[in-house]
2 protein chains.
Amino acid sequence: MTRAEQRQRTEQRIVAAARQLFGEQGYERTTIRAIAAAADSDAGLVMRYFGSKEKLFAQAAAIPSDGPIEGSPGEIAGQLTSALSAKLADEPTAALAALRAMFSHPEAAAEVRAAMTAQQRQVADQLTGEDAVRRAGVIGALTLGLVIGRHLVRLDGLDASPDELTELVEPLIRDLCGADGSSDRAGSRA
Amino acid sequence: MTRAEQRQRTEQRIVAAARQLFGEQGYERTTIRAIAAAADSDAGLVMRYFGSKEKLFAQAAAIPSDGPIEGSPGEIAGQLTSALSAKLADEPTAALAALRAMFSHPEAAAEVRAAMTAQQRQVADQLTGEDAVRRAGVIGALTLGLVIGRHLVRLDGLDASPDELTELVEPLIRDLCGADGSSDRAGSRA
DNA sequence: CATTTCAGTCAACACACGTAGACTGAAATG
DNA sequence: CATTTCAGTCTACGTGTGTTGACTGAAATG
């Protein structure tokens, strides 16, 4: 096995171990030594390859962005719903690491905020009404709550299949997008 | 000033400082020394009064429970909405400390899970339908996402007034409670 | 084959943390 | 007033951390 290959594999093992441990225990409780051990490697090597714990975290906890979101309110609702469904289906390890760490680690918080803000802005720009930003915010909050509630907190009832949950949530998202029959939305009681 | 008074005031200052710092920085990043300094006190004294960092945290991050939730689906929706509204209005410092810490501190996670599970069970017990637990879970996730999104992550759009947000969220909660006109709920597309 | 490069290992540093214990002076007690 | 109690302060210990740098042996290079 060539030297470059060997190095690449080791780096990958380290990043994978870091992702898992950061995701399970958060930033502060995860030590370089533990990561190195889990990757069958050495703390000094981790430092040499990634420079610092901070940089390793940044690399391990980068959040993959969802695709672009566009179209009519109904289409937007559909795209949001299926993006949510994907996040419920498998454990998004990298995102979980960022999510878990964000509450005690400002840089991780910025990462999550950036990822969510980008998506919300896409949504808000294409919804009509003066409260579009607010509605996009509630959609973001709902998504955030579901992902955290399912993967991190393991709330009662959120261990259902992704399909069962999506079925329940989809009408809410459609409502918030204003994708229902008439042109003005729900607030039937206000 | 009597000695008992003096002690009580000092303990209160310490708990208040602990609540704030735990809420701002999480469990691990908050040091006994920093708490003592913020309370104009001494680390050794904090130890003597509270025994350990762990015990101080438990006292500072105890989550006050909402009142009982009961009645028809419509009433339940109303109670949930006003409880949510309260959580959006002022910063629930103790709960924020627990919320922020829960992601890196297992004991805090248990605290939050217990508080939320208790409320969800109350709701699920009084809703009809086989998916009651799931619906209560989604309500919990929505609440969690809104509180975290507003106070911890400061998501776009969630900085609106509590009334504006409540107005937007209430129909969703009513829907999840099955409080709408007809007896079977939304899922018009399923 | 001789030399250089570099992945991997090991030991050690400086620092910050939770925690323990000795000490001081004023309030409580008789 | 003499004694005890105790709030508050200071110093120090042990431990675990991120990080550094020296060392080793095999792969790369000429």
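Keep in mind it's a predicted model, so treat the numbers as computed, not measured. Naming convention: chains lettered A, B, ... in sequence-line order (proteins, then strands); numbering from 1 in each chain.
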Practice problem: Any chance you could list the contact pattern along nucleotides 13-18 of chain C? Use B for base contacts, S for sugar-phosphate-only contacts and - for none, protein heavy atoms under 4.0 Å, 5' to 3'. | Solution: ----BB

Which pairs, protein N/O on one side and nucleotides 5-9 of chain C N/O on the other, fall under 3.5 Å?
residue, atom, partner, partner atom, Å
C/dT5, O2, A/R3, NH1, 3.3
C/dT5, O2, A/R3, NH2, 2.9
C/dC6, O4', A/R3, NH2, 3.3
C/dA7, OP1, A/R7, NH1, 3.4
C/dA7, OP2, A/R7, NH1, 3.2
C/dA7, O5', A/Y49, OH, 3.3
C/dA7, N7, A/R48, NH2, 2.9
C/dG8, OP1, A/Q6, NE2, 3.0
C/dG8, OP1, A/T10, OG1, 2.9
C/dG8, OP2, A/T10, OG1, 3.3
C/dG8, OP2, A/Y49, OH, 3.1
C/dG8, N7, A/R48, NH2, 3.2
C/dG8, O6, A/R48, NH1, 3.1

Quiz item: Taking any strand in view, what nucleotide pairs with D/dG21 in a Watson-Crick or G-U wobble way, both distances under 3.5 Å?
Solution: C/dC10

Quiz prompt | Minimum side-chain heavy-atom gap B/L56-B/M47 below 4.5 Å | solution = no

Quiz item: Within a strict 4.5 Å, meaning less than it, do heavy atoms of the A/Y49 and A/V15 side chains meet?
Solution: no

Quiz item: Can you find a pair of side-chain heavy atoms, one from B/E70 and one from B/Q126, that are under 4.5 Å apart?
Solution: yes

Practice problem: Name the pairing partner of C/dT29, where a pair is Watson-Crick or G-U wobble with both distances under 3.5 Å, or state none. | Solution: D/dA2

Quiz item: Are a donor atom and an acceptor atom from the side chains of A/S104 and A/E28 found within less than 3.5 Å of each other?
Solution: yes

Practice problem: If C/dA20 has a Watson-Crick or G-U wobble mate with both distances under 3.5 Å, name it; if not, just say none. | Solution: D/dT11

Self-check item: Value in whole Å for how far the C1' atom of D/dT19 lies from CZ of A/F50
Solution: 16 Å

Quiz item: Does a side-chain N-to-carboxylate-O contact under 4.0 Å join A/K87 and A/D66?
Solution: yes

Quiz prompt | Distance-only side-chain donor-acceptor flag, A/Y27 / A/E54, under 3.5 Å | solution = yes

Exercise. Could you check if a side-chain atom of B/Q120 sits within less than 4.5 angstrom of a side-chain atom of B/I139, using non-hydrogen atoms only?
Key: no

Self-check item: Residue whose closest nucleotide on DNA chain C lies nearer the 5' end, B/T2 versus B/A43
Solution: B/A43

Self-check item: Side-chain donor-acceptor pair present, A/Q20, A/E24, cut-off under 3.5 Å
Solution: yes

